[in-house]
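The structure under discussion appears below in the form of structure tokens.
Since this is a predicted model, take the numbers as computed values, not measurements. Heavy-atom basis, side chains included; hydrogens, waters and symmetry copies ignored.
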Amino acid sequence: LQAGAVPNAAGSAYVEQGRTKILATVYGPRQAGERGQHGAEGVIFLDLNFAPFCSRYESKEENEKRMLLYSSILQRTLESV
């Protein structure tokens with residue numbers, strides 16, 4: 001685990017386990033566009049990407065489905081806290 005892997009991010013970490021490598025970055029907080037919509041809860045925007053070589057799926061559609069699945073799982077997990 002290497003904290004502070006991306007210098008211009010508010011927070012970042014790089015993790016390796018076996019052949020899996022993960023780089024996570026956090027930017028913000030930033031002002032919301034219209035505060036009335038979300039109240040005190042806030043909003044999390046997630047941009048999830050996989051390196052092209054890390055997938056067994058060759059079609060772009062399959063990779064997009066995979067990114068949507070992982071994004072929804074992560075969003076539901078974070079919304080519960």
Side-chain angles (χ1 to χ4, degrees):
L1 174 68
Q2 175 189 349
V6 179
N8 63 336
S12 64
Y14 176 77
V15 179
E16 280 189 47
Q17 184 172 352
R19 293 174 37 188
T20 302
K21 299 173 183 177
I22 299 172
L23 177 63
T25 56
V26 175
Y27 297 94
R30 296 187 178 130
Q31 289 292 327
E34 294 186 30
R35 292 180 181 213
Q37 290 180 338
H38 305 292
E41 293 179 13
V43 180
I44 294 177
F45 292 101
L46 177 64
D47 183 19
L48 179 66
N49 294 297
F50 295 99
F53 58 83
C54 77
S55 177
R56 65 177 172 239
Y57 304 113
E58 293 188 22
S59 74
K60 185 177 181 180
E61 293 81 20
E62 288 295 324
N63 278 326
E64 287 176 359
K65 287 180 189 177
R66 185 172 147 213
M67 285 189 283
L68 286 173
L69 173 65
Y70 281 96
S71 294
S72 67
I73 291 170
L74 186 55
Q75 183 174 358
R76 285 191 312 246
T77 301
L78 293 173
E79 285 176 346
S80 68
V81 277

Taking all non-hydrogen atoms of both residues into account, name the closest pair between [X] and [Y] and its distance.
X	Y	value
Tyr27	Asn8	CE2-O, 3.8 Å
Ala5	Ala13	CB-C, 4.3 Å
Gly28	Ala10	O-CB, 3.6 Å
Ala9	Thr25	CB-CB, 4.2 Å

Can you list everything that forms a side chain to side chain donor-acceptor pair (under 3.5 Å) with Tyr14? Sequence neighbours excluded, please.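 In terms of side chain to side chain donor-acceptor pair (under 3.5 Å), with neighbours along the sequence ignored, Tyr14 is linked to Glu16.
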Name all residues meeting the side chain to side chain donor-acceptor pair (under 3.5 Å) criterion together with Glu64; count only those two or more places apart in sequence or in a different chain, and write none if there are none.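 None.
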Other residues, nucleotides and ligands only: do more than 12 of their heavy atoms fall within 6.0 Å of CD on Gln2?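 Check passes, neighbour count above 12.
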Listing request: all ring-ring contact (aromatic ring centres under 6.0 Å, His included) pairs with a residue in residues 62-81, at least two apart in sequence or in separate chains.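 For residues 62-81, and leaving out neighbouring residues, the ring-ring contact (aromatic ring centres under 6.0 Å, His included) pairs sorted by first residue read Phe50-Tyr70.
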Kindly compute the distance separating NZ (Lys65) from CD (Glu61), expressed to the nearest 0.5 Å.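 The NZ atom of Lys65 sits 8.0 Å away from the CD atom of Glu61.
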